[in-house]
Structure formats: structure tokens, C-alpha cells
Amino acid sequence: MSPRKRHWLMKSEPGDFSIDDLQRVGSEPWTGVRNYQARNFMRQMQVGDGVLFYHSNCAVPGIYGLAEVASAAYPDPTQFERKSRYFDPRASREQPRWDLVDVRFVRHLARPLPLEEIRTHADALGEDFALIRKGTRLSVLPVTAAQWKLLLSLE
DNA sequence: GCCAACGTTGGC
DNA sequence: GCCAACGTTGGC
């Protein structure tokens, strides 16, 4: 029996890869995570886990869509590709350093949920919500069932 | 473009 | 193991 479904938030710069891009391709390997904490969260992911798709570094940062985890974690191939911006000379195929999961499009939100608005619910979301915790810049972070429910009630 | 906050690297 | 320097993230 697999553990019950969990929830995550994953950030992407829309100029790089947006929710519209994900809709177009259907499913995408989440390449380029080079932070150990974020990598470790991806290692915990199970197929079917829910994902809030967040746009960062853009005019209106916020949650724009829903996705789901479509694979277990496996080595990020870009770490081995010398020409990739994500190449890591310390990684080898025998000893990969970075993992990723495939992420599958589910739907756009009925309306985007701006970070500015999410902040107004900080009390209800709680101090453990890494998205709005001061100084946290994780690109992959866990979301509790309660936080997930609250956020989706706002769309 | 600025810059605060944080993670990583590498000299010692 | 310390910590200064550097690079990155990401809101504004």
C-alpha cells in the first residue's frame, strides 16, 4: 500500500517554463533543481501527488495552475550534459547528484492566485508554510492538506 | 536593476 | 571546522 497522497508547490520562471508550456507538452521532466533540500523533497514524491504550479520572477508571482507528480524520482540527465546550463562536473552516472520527477499538467486555476493575496492568509496558512516564510527561497516545497484546501478555496 | 537573504565553496 | 567571498533566488 502506498502512502496517502501528499501535496507540493513547485516554482518555475514563466519565461523559462510556464503552466501554458506544461499544458502544451502534457508532462515534463523537472530539470535543473540544484538545491539539496528541494532535491530531497522530490525524492519523497509519489506518483499522483498534487502540485501547485507557481510562477516566480515575473510581473505577478503566484500560483497559476495544478499539476501532479507523474514519476518517482530519477537522476536529472542534464547534470551529465556538458553543454547544459545545469551540467555538474562533480556528478557521474555511477554517482548522480541530482534527481528530478516528471510533472504532468492537470489544469489552470480558475484565476491566478497572486503571492500578494496569499500573504493576506498567512495566519491561516501557518508559520510552517515555506512559500511565505521570510528568507525562504526553496523552489520545491511541501504543502499540507489544510494549506492545499485553503489555497484552492481562494481561486 | 537593486538588493536582502541564503547556500556553497574553498583557503586556512 | 571556521568564515569570507561569491553566486543565486526572487520580490520589488
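In what follows, chains are A, B, ... by sequence order, proteins preceding strands, each numbered from 1.
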- Does A:Tyr74 have its ring centroid less than 6.0 Å away from the ring centroid of A:Trp30? no
- Determine the interplanar angle of the A:His7 and A:Trp148 rings, folded into 0 to 90°, and report it as parallel if under 30°, tilted if 30 to 60°, perpendicular if over 60°. tilted
- Query: Is a side-chain N or O of A:Gln79 found less than 3.5 angstrom from the main chain of A:Asp76, in a donor-acceptor match?
  - Reply: yes
- Query: In terms of the angle between their ring planes, are A:His55 and A:Tyr64 parallel, tilted or perpendicular, with boundaries placed at 30° and 60°?
  - Reply: parallel
- Item | Under 4.0 Å protein heavy-atom contact, by nucleotide of nucleotides 2-12 of chain C - B base, S sugar-phosphate only | ------BBBBS
- Query: Any side-chain heavy atom of A:Thr78 sitting closer than 4.5 Å to one from A:Asp88?
  - Reply: no
